[in-house]
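What follows is a set of notes on a single structure, which appears directly below.
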Amino acid sequence: MVEVFKGGIPVIDTLQRWYEEFKLEGYGAMIPFIGIVRPDNKIDGLSFDLYLPMLNEWFKKWENLPDAKIMMAHSFGDVMVGETSFLCAVFTKHRREGFKYLEEFVEDFKANAPIWKYDLINGKRIFAKDRAKELKNAGILKEE
Amino acid sequence: MVEVFKGGIPVIDTLQRWYEEFKLEGYGAMIPFIGIVRPDNKIDGLSFDLYLPMLNEWFKKWENLPDAKIMMAHSFGDVMVGETSFLCAVFTKHRREGFKYLEEFVEDFKANAPIWKYDLINGKRIFAKDRAKELKNAGILKEE
Amino acid sequence: MVRVEFLGPIGKEPMEIDVKTLKELKEILNKDENLKEWLKNSAVAVNEKIVSSLDVKLKDGDRVAILPPVCGG
Amino acid sequence: MVRVEFLGPIGKEPMEIDVKTLKELKEILNKDENLKEWLKNSAVAVNEKIVSSLDVKLKDGDRVAILPPVCGG
């Protein structure tokens with residue numbers, strides 16, 4: 001299951017919890033990824049909608065890897081500049097599988113996780129259309 | 001400068017300090033690497049010697065990257081199973097440079113940082129010869 | 001009846017519609033001019049699985065989701 | 001005088017030696033049978049920089065380090 005938080009993720013508490021849970025399980029490498037909201041485009045922050053049933057469905061294939069453990073958290077609602085909206089951590093025996101899985105996981109997440117991002121500018125919530133990517137088989141209901 | 005700790009690194013405190021220091025500096029990705037001592041080969045832990053002047057000299061080229069910030073900590077002395085002996089974090093604007101730098105940095109560290117590893121077995125400190133790699137220009141003082 | 005949800009920025013309330021196939025659903029949804037634009041680049045999930053063909057039979061209680069372009073993280 | 005340090009597992013106390021070149025140092029260090037083995041796979045740093053040639057002049061106060069194979073992390 002993906003851990004979801006309203007607003008910014010409690011990064012340090014979450015990392016601590018995951019670290020304590022898996023540090024004695026024989027994994028030699030823990031590689032987290034922390035996605036921080038940057039002060040770009042004059043935004044005050046970002047905001048997110050999640051489709052949770054499908055997000056958990058998508059995550060299933062990453063939850064039961066034979067040689068790695070992956071944990072993940074994501075925000076919904078408003079996340080201010082300097083706060084974290086996406087957090088994950090890959091645990092592997094050796095570092096090289098860890099690098100590989102982290103990159104594959106994050107790229108799959110960016111392409112396929114059912115999450116929608118909005119810029120928060122002057123109190124308005126504006127869909128980040130320029131950064132959004134079509135899911136596979138998009139346009140299937142388009143009129144010919 | 002590399003941060004050095006006698007025994008296991010205080011992982012969570014160190015990550016928190018780095019996260020707080022850089023979260024508002026415009027970096028969108030923080031990617032740490034946490035090297036945990038695995039319960040392998042029946043060891044109780046590992047032990048490390050550092051040559052600090054050269055370690056800091058080696059680290060200099062990673063400290064002043066134009067588009068990334070890299071922080072690093074390492075243990076000296078004994079580090080027990082489940083504790084962490086190596087910790088680093090790469091901060092970049094976007095994730096892709098972050099993946100690249102993390103992997104390059106860790107591989108350079110493994111090949112070139114002047115650090116020596118020992119297994120701790122039954123109270124003895126045994127040089128981990130099988131995992132050690134020669135530095136460049138090794139053997140220069142070898143008798144012909 | 002099939003429940004249709006419009007995710008993220010589409011901003012439309014869920015509907016309960018009496019349709020038997022995705023083809024039928026397509027006809028109905030395209031009548032809404034605003035929705036029509038979103039359908040051009042939205043994917044469709046039936047019971048949380050993205051579908052690749054319109055030849056999907058719908059049965060009572062199925063959940064259809066209209067998924068516009070995504071951007072997590 | 002040059003200060004020679006033996007790092008990591010070599011486990012030998014530092015020495016102060018009166019040599020003018022790495023060649024001279026090589027002669028002296030190879031007389032120690034135990035050290036000889038380590039010299040086969042050790043790198044050499046002069047004032048914290050690894051050297052690639054024996055044609056290095058040493059001056060008073062220089063620090064030489066003998067660096068056996070490494071393994072951090």
Side-chain angles (χ1 to χ4, degrees), chain A residues 8-41 43 45-46 69 79-107 109-110 131, chain B residues 8-41 43 45-46 69 79-107 109-110 131:
Chain A
I9 297 169
V11 175
I12 302 303
D13 289 356
T14 306
L15 285 176
Q16 178 161 32
R17 184 159 42 78
W18 294 346
Y19 176 68
E20 295 299 333
E21 189 170 350
F22 295 109
K23 71 180 186 182
L24 288 168
E25 299 293 317
Y27 299 114
M30 172 181 177
I31 316 182
F33 180 94
I34 302 159
I36 305 170
V37 177
R38 278 186 293 125
D40 249 23
N41 310 320
I43 60 166
L46 297 171
K69 182 77 205 167
V79 186
M80 297 297 114
V81 162
E83 294 184 325
T84 288
S85 53
F86 172 52
L87 178 67
C88 68
V90 174
F91 294 80
T92 51
K93 194 165 178 194
H94 301 109
R95 70 184 184 279
R96 293 216 172 98
E97 306 104 80
F99 294 141
K100 190 176 72 71
Y101 275 133
L102 180 71
E103 197 163 340
E104 283 177 13
F105 173 71
V106 174
E107 295 305 325
F109 162 77
K110 286 279 179 180
R131 278 152 282 160
Chain B
I9 298 169
V11 175
I12 302 304
D13 289 357
T14 306
L15 285 176
Q16 178 161 32
R17 184 159 43 78
W18 294 346
Y19 176 69
E20 294 300 331
E21 188 170 351
F22 295 109
K23 71 180 186 182
L24 288 168
E25 298 294 317
Y27 298 113
M30 173 182 176
I31 316 182
F33 180 94
I34 302 159
I36 305 170
V37 177
R38 277 185 294 127
D40 248 21
N41 311 319
I43 61 167
L46 297 172
K69 183 76 205 167
V79 186
M80 297 299 112
V81 163
E83 294 185 325
T84 288
S85 54
F86 172 52
L87 179 67
C88 68
V90 174
F91 294 81
T92 51
K93 195 166 178 194
H94 302 107
R95 70 183 183 279
R96 294 216 171 99
E97 305 105 79
F99 294 140
K100 191 176 71 73
Y101 274 132
L102 180 71
E103 196 162 342
E104 283 176 13
F105 173 72
V106 174
E107 295 305 325
F109 162 77
K110 286 278 179 181
R131 278 152 280 160

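FYI, side chains are in, hydrogens and waters are out, and symmetry mates aren't considered; it's all heavy atoms of this structure. Here is how names work: the chains are called A, B, and so on, in the same order as the sequence lines, proteins then strands, and each is numbered from 1.
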Rounded to the nearest 0.5 Å, how far apart are CD1 of A:Ile31 and CZ of B:Phe99?
10.0 Å

Please report the shortest heavy-atom distance between B:Val79 and B:Gly8, naming the atom on each side.
CG1-CA, 3.9 Å

Positions in residues 21-28 of chain B that reach chain A, provided some heavy atom is under 4.5 Å away:
B:Lys23, B:Leu24, B:Gly26, B:Tyr27, B:Gly28

Hey, what do you get for CG (A:Leu46) to CZ (A:Arg131), rounding to the nearest 0.5 Å?
7.0 Å

Minimal non-hydrogen separation, B:Arg38 against B:Ile43, with atom names
O-CD1, 3.5 Å

So how far is it from A:Glu20 CD to A:Leu15 CG, rounded to the nearest 0.5 Å?
11.5 Å

Heavy atoms of B:Val37 and B:Met80 approach each other most closely as CB-O, 3.7 Å

Just verifying a value: how many Å separate B:Ile34 CD1 and B:Phe86 CZ, rounded to the nearest 0.5 Å?
11.0 Å

So which residue, A:Gly35, A:Gly98, A:Pro32, A:Ala29, ends up with the most heavy-atom pairs under 4.5 Å with chain B?
A:Pro32

Using 0.5 Å steps for rounding, measure from the CD atom of A:Gln16 to the CG atom of B:Asp13.
8.0 Å

A:Tyr19 versus chain B, the contacting section by heavy-atom distance below 4.5 Å:
side chain

Under 4.5 Å, counting heavy-atom pairs only, tell me which of A:Val106, A:Ile12, A:Val81, A:Val11 racks up the most with chain B.
A:Ile12

Within residues 87-97 of chain A, the residues sitting under 4.5 Å from chain B by heavy atom, in sequence order, are A:Lys93, A:His94, A:Arg95, A:Arg96

